[in-house]
*Asks:* 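Please see the structure below; I have some questions.
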2 protein chains.
Amino acid sequence: MQKQQTLSRNQKIIFDLIDKSQEPMKAYSILFNVQKKGIKAPLQVYRALDKLVEIGKIHKIESRNAFIACQNSSCQISKATAFSICESCENVSEISNTKLSKYLSNFAESSGMKYSKYNLEFFGLCKKCKSK
Amino acid sequence: MQKQQTLSRNQKIIFDLIDKSQEPMKAYSILFNVQKKGIKAPLQVYRALDKLVEIGKIHKIESRNAFIACQNSSCQISKATAFSICESCENVSEISNTKLSKYLSNFAESSGMKYSKYNLEFFGLCKKCKSK
DNA sequence: TAACACTATGTAATAATATAACATTTACAT
DNA sequence: ATGTAAATGTTATATTATTACATAGTGTTA
């Protein structure tokens, strides 16, 4: 376990918004939603997002340019992220599977590079959408 | 093996440029490089890129918004892509490892979703950079 | 060959995503 | 109280990507 981070004002406002959201949020949608709380500029949002990603409270879904709260309570720093993404409803869920992450970090360790992290995105239809 | 695609004029110009490049290329850098060949607008580039990705001739490196030619001659449609990315020199190399792709597609198949593809990006220091 | 569908192209405008540069303030350890 | 690192505020701008609309090429098949 890492030590608990204290979030700054802006970081907390933005984390709370993302954490409450049922779906990944985009930066400018976040901006729109926090303007009433005094966060007026894109850069304020991006700075908080960068920090929140760095400390593992949120993850960026690279293929969507969107952010979700970490679903895995024990993950304070994200060195190993995996998601499944529905191409129909755009639902994203975080995968937390010890075997998978062991397999992938072992793979990376044995590849010749000095491995620091990975990101994996699966695409397809989620349970709901595939039965439609 | 899939059937061989014939590339259109713009697709061929853009594929050749990416294929010759030693590093991933960004869309506007591609645009700059093909203007002398009559491709003047971003959309012309993005349309060709979309098609080339679709038929598996190139891949998009999502974390970098950049494109590289497929290194794997037998891969005509990219349902399973993996890369290692150097955080220092930004070198990107495609990983083509049958065991890895089997492991990941099996994982996806057993996850409950109707799996169609994945993308995996490893980050760290490449061989050259780690010894500096 | 004419009619059709499909794919690709050309062009202008604009939307969406992200960062640079600079000034100021806050948190907090010494 | 002082130094330092982190965070904030603000303006402007860079970068990445799409919408909308008009036109042209390619290949089938009637």
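Protein chains get the first letters and strands the later ones, always in sequence-line order, with residue 1 at the start of each. Quick note: numbers below take in every heavy atom, side chains included, and nothing from hydrogens, waters or symmetry partners.
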*Asks:* Tell me whether the OP1 or OP2 atom of D:dA6 has a side-chain N or O from A:Lys51 closer than 4.0 Å.
*Replies:*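 For A:Lys51, the contact criterion (side-chain N or O under 4.0 Å from OP1 or OP2 of D:dA6) is not met.
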
*Asks:* With sequence neighbours excluded, what pairs up with A:Lys12 under the side chain to side chain contact (heavy atoms under 4.5 Å, CB included) test?
*Replies:*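 By the side chain to side chain contact (heavy atoms under 4.5 Å, CB included) rule, A:Lys12 matches A:Leu7, A:Asp16.
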
*Asks:* Please set out all donor-acceptor pairs under 3.5 angstrom arising from side-chain atoms of residues 34-44 of chain A, sequence neighbours excluded.
*Replies:*
residue: A:Gln44; atom: OE1; partner: A:Lys40; partner atom: N; Å: 2.9
residue: A:Gln44; atom: OE1; partner: A:Ala41; partner atom: N; Å: 2.9

*Asks:* Which donor-acceptor pairs under 3.5 Å do side chains of residues 84-93 of chain A form with protein atoms, sequence neighbours excluded?
*Replies:*
residue: A:Ser84; atom: OG; partner: A:Ser93; partner atom: OG; Å: 3.3
residue: A:Glu87; atom: OE1; partner: B:Ser116; partner atom: OG; Å: 3.0
residue: A:Glu90; atom: OE1; partner: A:Arg64; partner atom: NE; Å: 2.6

*Asks:* Send over the distance from A:Leu52 CG to D:dA6 P, rounded to a whole Å.
*Replies:*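 Roughly 16 Å, once rounded to whole Å.
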
*Asks:* Are any non-hydrogen side-chain atoms of A:Tyr115 and B:Leu125 less than 4.5 angstrom apart?
*Replies:*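 A:Tyr115 vs B:Leu125: side chains apart.
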
*Asks:* Does the plane of the ring in A:Phe122 sit parallel, tilted or perpendicular to the ring in B:Tyr118? Use 30° and 60° as the thresholds.
*Replies:*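 Ring orientation, 0 to 90° scale: perpendicular.
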
*Asks:* If I take atom CE in residue B:Met25 and atom C1' in nucleotide D:dT16, what distance separates them, rounded to the nearest angstrom?
*Replies:*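 Taking CE of B:Met25 and C1' of D:dT16, I get 15 Å after rounding.
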
*Asks:* Are the ring centres of A:Tyr103 and B:Tyr103 closer than 6.0 Å?
*Replies:*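 Yes: the rings meet the under 6.0 Å criterion.
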
*Asks:* Classify the side-chain pair A:Ser63/B:Glu62 by whether it contains a donor and acceptor separated by less than 3.5 Å.
*Replies:*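 On atom types as modelled, these side chains do not qualify, holding no pair under 3.5 Å.
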
*Asks:* For the CG atom of A:Asn97 and the NZ atom of A:Lys102, what is their distance to the nearest 0.5 Å?
*Replies:*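 It is 10.5 Å, given to the nearest 0.5 Å.
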
*Asks:* For the helix from C:dT1-D:dA30 to C:dT30-D:dA1, measure the angle between the helix axis at one end and the axis at the other, each built from five pairs, rounding to 10°.
*Replies:*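 Both end axes considered, the difference amounts to 30°.
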
*Asks:* If you look at every heavy atom in B:Ile14 and B:Ala48, which pair is closest and at what distance?
*Replies:*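 For B:Ile14 versus B:Ala48, the nearest heavy atoms are CD1-CB, 3.6 Å.
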
*Asks:* Output a table of nitrogen or oxygen pairs between the protein and nucleotides 13-20 of chain C separated by less than 3.5 Å.
*Replies:*
residue: C:dT17; atom: OP1; partner: A:Lys26; partner atom: NZ; Å: 2.5
residue: C:dA18; atom: OP1; partner: A:Lys60; partner atom: NZ; Å: 2.8
residue: C:dA18; atom: OP1; partner: A:Asn65; partner atom: OD1; Å: 3.4
residue: C:dA18; atom: OP2; partner: A:Tyr46; partner atom: OH; Å: 3.1
residue: C:dA18; atom: N7; partner: A:Tyr28; partner atom: OH; Å: 2.8
residue: C:dA18; atom: N6; partner: A:Tyr28; partner atom: OH; Å: 3.1

*Asks:* Consider the side chain of B:Gln44, meaning its heavy atoms from C-beta on, and name the nucleotide among C:dT11, C:dA21, C:dA8 that approaches it most closely.
*Replies:*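 Of all the options, the side chain of B:Gln44 is nearest to C:dT11.
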
*Asks:* If hydrophobic clusters are built by linking Ile, Leu, Val, Met, Phe, Trp and Tyr wherever their side-chain heavy atoms come under 4.5 Å apart, do B:Phe32 and B:Tyr28 end up in the same one?
*Replies:*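 Result: no, two separate clusters.
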
*Asks:* Would you kindly give the CG-to-P distance between B:Leu49 and C:dT9, to the nearest whole Å?
*Replies:*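 Interatomic distance, CG of B:Leu49 to P of C:dT9: 12 Å.
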
*Asks:* Which residues in residues 8-20 of chain B have a heavy atom closer than 4.0 Å to any atom of DNA chain C?
*Replies:*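 The answer is B:Ser8, B:Arg9, B:Asn10, B:Gln11.
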
*Asks:* Looking at NZ of A:Lys60 and OG1 of A:Thr81, how far apart are the two atoms once the value is rounded to the nearest 0.5 Å?
*Replies:*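 It comes to 12.5 Å.
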
